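What follows is one structure encoded as structure tokens, with my remarks underneath.
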Amino acid sequence: MTDSVTPTPVGEPSTGYEPAVVERKWQARWHERKANSPDIANAKRPYYSLMMFPYPSAEGLHVGNLFAFTGCDIHGRFQRLLGHSVFEPFGYDAFGIHSENYAIKIGVHPGELIPKNIDNFRRQVLKTGLMIDWSHELSTTDPKYYKWTQWVFLQLYKAGLAYKKKAAVNWCPFDKTVLANEQVIAGACERCGTMVEQRFLEQWFFRITDYAERLLKNLDHLDWSESTKTAQRNWIGKSEGAEITFVVQDMMEFAGSAMVSEGSGEVTSSTVEIRVFTTRPDTIFGATYLVLSPEHPLVHSITTDEQRREVNAYVDQAGKQDLVTRKSTKEKTGVFTGAFATNPATHELIPIWIADYVLMEYGTGAIMAVPGHDARDHEFALKFDLPIIQVVAGAAPFDVKTEAFVETEGCHLIHSGKFNGLSIEDGKSAIINELAQHYAGRAVVNYRLHDWCISRQRYWGPPIPILYCEQCGVVPVPEDQLPVVLPHIDDFRPDDSGISPLARHEEWYVTKCPTCGGEARRETDVSDTFLDSAWYFLRYPNSDRDDVPFDRATMNKWLPVSTYIGGNEHAVLHLLYSRFTTMVLHDAGLLGFEEPYARFRAHGLIVREGAKMSKSKGNVVNPDEYIESWGADSFRTYLMFLGPYEEGGDFRDKGISGVKRFLDRLWRSVQDARRDGSADVDVTRKLHQTIKKVGEDIPRLSYNTAIAAMMEYMNTMRSGERTPHLDEVRPLVQMVSPFAPHIAEELWEQLGGEHSVFDSGWPAFDAALLVEDTMEMPVQVSGKRRGAIMVAKDVTQADALAAAMSEPGIAKFVIGEPKKIVFVPGRLLNIVV
RNA sequence: GCGAGAGUGGCGAAAUUGGCAGACGCACCAGACUUAGGAUCUGGCGCCGCAAGGCUUAGGGGUUCGAGUCCCCUCUCUCGCACCA
């Protein structure tokens with residue numbers, strides 16, 4: 001009893017609850033007892049409760065972080081009460097451009113800044129009393145961790161899923177550096193204001209598009225928030241359509257030869273073909289021109305001499321635009337190439353244009369324009385006076401000259417030769433079939449998902465474990481030579497070389513080829529932070545192993561993650577990348593499952609007094625201050641009470657006092673509890689109803705209503721200044737424990753509980769006790785409530801009606817014979833007049 | 001523009017299947033106990049009305065004995081994606 005809190009003496013006002021004392025005591029105890037470290041190897045009922053690890057910013061923990069963590073912690077603690085061995089690890093996503101930019105801004109090396117930030121985060125997290133197994137803490141910047149991040153890269157490389165290609169990046173010609181899309185503001189560099197250009201650099205990519213179909217299909221079977229699944233589906237962006245070949249008119253032989261001859265798959269050597277992708281092959285009879293992206297490889301070969309000057313100017317100017325402006329909606333621009341192609345359906349010649357509204361990175365980089373039925377093509381056709389033909393019609397007349405007709409439901413084809421009258425769906429397949437017979441088209445599936453660009457010309461990340469040898473070419477670093485340690489360099493800023501800062505350090509990048517022993521050069525790009533976080537959940541359980549990244553038996557025991565909780569901002573990229581990585585490791589035979597997270601829930605966002613929190617507004621909640629003055633238990637419980645967890649809520653400064661009052665009343669209830677006599681019947685019924693409700697609310701993350709239910713029970717238990725019985729109080733302490741673990745532990749100990757409240761099990765409710773035998777039944781007259789009657793729960797319609805009619809307040813509204821009686825047993829009575 | 005979600009008292013919010021709208025909490029009002037109250041306890045608290053009663057879940061329409069909940073239309077807000085053919 002050396003470190004216990006002195007109980008308040010009987011007779012004095014029992015205000016003896018001092019959060020700071022209680023919380024310090026139990027945090028120390030949990031630490032001494034290793035209370036939060038499950039037996040990874042031998043746990044009988046493993047439960048992996050995962051929260052998204054944070055980026056350890058210099059500002060310290062944001063209240064949004066705590067909202068996320070606490071929600072996960074409550075879920076985990078509840079599982080623990082249900083008898084699971086819960087593994088709830090914590091770590092830091094500390095590499096990346098975010099840390100690096102901040103370090104540059106304040107002029108400190110990230111290698112010095114990050115450990116300080118991590119210490120601060122750990123201190124703050126410890127104070128909130130999360131059930132974290134600190135023996136498995138990790139940071140992505142630790143060479144012992146990123147050694148295995150590099151290993152993951154090598155597994156992808158071995159599987160043929162990592163490759164290098166040139167890709168467009170935003171380039172600031174003044175700063176001479178690559179910019180991320182979010183660093184481009186209105187087409188200009190956010191730092192110096194210079195207009196940004198696109199540039200092509202060699203980049204490493206992962207072939208995530210090879211997994212597009214699987215990533216999409218598996219979503220159907222995952223227990224995830226529906227909104228998250230929708231976001232992933234949209235991101236993958238599957239569209240089914242057709243690839244159609246248009247033959248460019250041979251300019252030397254002007255007459256007829258460019259037409260596709262019936263049944264001939266052969267093309268003459270002088271024939272140039274343009275392949276387009278469309279989701280609307282049914283509208284091919286309305287395709288009145290073609291458009292190529294300015295980057296399309298055929299642009300220069302098809303352009304006529306007369307048009308060449310104009311085309312070159314347009315292509316040049318398009319290449320100078322930054323990627324952000326290029327991709328945002330603006331007025332249509334374009335230029336005619338002078339060339340024509342044959343529409344394989346109509347056999348008519350249609351002009352070929354170039355316009356930057358067609359993107360090289362989607363489909364084939366070329367489209368057939370159907371201005372009658374596509375808004376973008378329509379806008380373009382109006383501007384350049386190109387023909388607009390209607391080939392789809394609905395019931396009502398429509399003028400496609402003024403607007404594109406995009407409806408398909410209940411519509412049919414017109415002006416489409418032998419396909420006239422077909423529905424859109426039938427038209428699609430019939431036209432694809434017809435084109436296929438003439439080798440002019442085929443059904444094709446396209447995804448908007450692009451391959452994952454993982455290289456960064458930056459410093460603060462794990463070096464990509466690749467060498468370039470003059471003799472052997474691209475050589476992966478042998479696994480036994482990992483990690484490739486990120487060297488501590490002082491000039492870590494990106495500068496006018498435009499390549500990775502590591503490329504300025506010959507002493508680092510010059511090395512020997514492991515294959516031939518000759519001179520080799522290291523890859524000087526580092527990898528994307530998303531790669532660090534794409535596999536961290538695999539590392540946690542085995543973070544104590546140096547010989548392997550993870551061990552198969554442990555993985556099978558603990559994974560997939562039982563419940564993963566995190567923010568919506570990662571609903572797409574992080575979750576998609578970690579799913580992909582897991583699939584690849586599964587396919588390599590390294591994991592026995594291919595989906596990493598069995599259950600995922602996204603929490604909402606917290607605002608303060610109705611306004612978004614931001615540093616510039618100075619309205620950011622500092623968790624330290626609140627924990628200091630109210631205690632972690634009140635802070636945690638309040639965060640969970642202020643709104644529905646999955647929607648977020650409004651942090652109102654005064655609101656926390658209500659929760660603190662509730663915990664104070666809980667404390668006093670334990671101090672004053674009667675031990676003599678027995679519990680009250682009505683209170684006991686309420687208790688069992690509450691146990692049921694809270695036990696149902698917590699698993700579905702409905703924390704605000706669970707807390708409300710406990711408050712309601714508290715009001716019942718103490719109503720009219722009655723002194724609660726011990727048996728009425730004890731289960732409440734258990735129910736409160738996931739939310740307010742410190743006070744619950746303390747009170748549990750005061751109640752004579754052994755060891756820890758979290759070993760006490762979740763209280764059971766007795767279904768027989770839940771229902772009352774009498775009830776107040778509402779009585780409606782013609783659907784309007786006019787009163788209520790006290791009746792037995794199983795009252796018959798006749799008895800209920802008689803009771804209702806004997807109430808003058810009700811009977812006076814029943815004028816004449818009732819037309820109909822609606823009686824819902826045990827619910828209500830409605831007399832329709 | 002497309003996609004997702006939301007709109008309920010002074011405020012944050014409840015309302016598993018269509019069945020007493022506003023639980024729980026904040027704020028506010030009154031009272032008790034107090035030398036004192038930013039403690040505690042009791043009661044009140046959607047709007048209009050002295051009352052009987054009427055009105056009320058963004059707005060309009062519909063289905064139903066009965067709609068916050070289901071259907072149609074309109075408006076507003078938040079968050080994603082953003083020329084993806």
Side-chain angles (χ1 to χ4, degrees), chain A residues 13-15 225-231 233-235 237 239 241 276-280 283 291 324 326-330 332 355-359 361-370 373-377 379-380 446-450 568-569 571-572 604-605 607 609-610 612 638 641-644 646-659 661-662 664-665 668 693 696-697 700 702 704-715 718-721 776-788 818-824 826-833:
Chain A
S14 37
T15 50
S225 322
E226 218 33 62
S227 60
T228 310
K229 290 206 237 180
T230 307
R233 287 191 185 106
N234 291 344
W235 190 262
S239 23
V276 304
F277 174 72
T278 179
T279 52
R280 296 293 305 278
T283 62
V291 188
V324 179
R326 171 70 189 283
K327 285 189 165 192
S328 62
T329 314
K330 51 161 188 174
K332 297 278 179 290
D356 65 0
Y357 81 93
V358 174
L359 309 173
E361 60 280 13
Y362 185 75
T364 59
I367 62 156
M368 63 174 208
V370 184
H373 304 283
D374 181 281
R376 297 153 301 182
D377 297 344
E379 190 191 336
F380 192 82
N446 246 309
Y447 300 91
R448 58 188 307 176
L449 179 70
H450 290 8
N568 251 323
E569 67 276 18
V572 176
L605 228 69
V607 299
E609 308 285 345
K612 215 177 204 170
Y638 178 55
F641 184 59
L642 52 71
E646 288 173 85
E647 284 164 44
D650 192 356
F651 189 100
R652 297 173 72 257
D653 290 359
K654 284 182 173 160
I656 193 171
S657 60
V659 167
R661 259 196 280 274
F662 169 68
D664 283 344
R665 300 220 294 166
R668 266 180 277 126
K693 168 128 182 87
E696 286 167 354
D697 281 354
R700 57 191 183 97
S702 187
N704 56 334
T705 54
I707 295 164
M710 289 189 283
M711 287 172 162
E712 220 176 300
Y713 173 60
M714 174 78 80
N715 291 343
R718 297 179 64 91
S719 73
E721 295 186 74
E776 194 190 59
M777 178 174 279
V779 179
Q780 300 180 335
V781 179
S782 297
K784 201 166 263 284
R785 187 183 197 270
R786 294 301 182 180
K819 281 200 206 116
K820 186 177 175 183
I821 306 294
V822 179
F823 179 67
V824 186
R827 264 262 141 84
L828 59 50
L829 176 68
N830 186 8
I831 304 164
V832 186
V833 293

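Chain identifiers are assigned alphabetically (A, B, ...) following the order of the sequence lines, protein sequences preceding nucleic acid strands; residue numbering begins at 1 within each chain. Keep in mind it's a predicted model, so treat the numbers as computed, not measured.
A:Lys332 forms no cation-pi arrangement with A:Phe380, by the criterion of a distance under 6.0 Å to the ring centre and an angle within 45° of the ring axis.
Backbone-only contact: A:Lys612 has heavy atoms under 4.0 Å from sugar-phosphate atoms and none from a base. A:Asn704 comes within 4.0 angstrom of sugar-phosphate atoms only, judged by non-hydrogen atoms across all strands, and of no base. Across all strands shown, A:Lys819 has no heavy atoms under 4.0 Å from either base or sugar-phosphate atoms. Within 4.0 Å of A:Leu642, counting heavy atoms only, lie sugar-phosphate atoms of the nucleic acid but no base atom. Among the protein residues, A:Asn234 comes within range of the sugar-phosphate backbone only, with heavy atoms under 4.0 Å from sugar or phosphate atoms but none that close to a base. Nucleic acid contact for A:Glu712: sugar-phosphate only, since backbone atoms but no base atoms lie under 4.0 Å from a heavy atom of the residue.
More than 12 heavy atoms of other residues, nucleotides or ligands sit less than 6.0 Å from atom CG of A:Leu828.
Across all strands shown, B:rG18 forms no Watson-Crick or G-U wobble pair with both distances under 3.5 Å. With both pairing distances under 3.5 Å, B:rA4 is matched to B:rU78 as a Watson-Crick or G-U wobble pair.
One finds no side-chain N or O of A:Lys654 lying less than 4.0 angstrom from the OP1 or OP2 phosphate oxygen of B:rA27. Look at A:Arg661 and you won't find any side-chain N or O under 4.0 angstrom from OP1 or OP2 of B:rC24.
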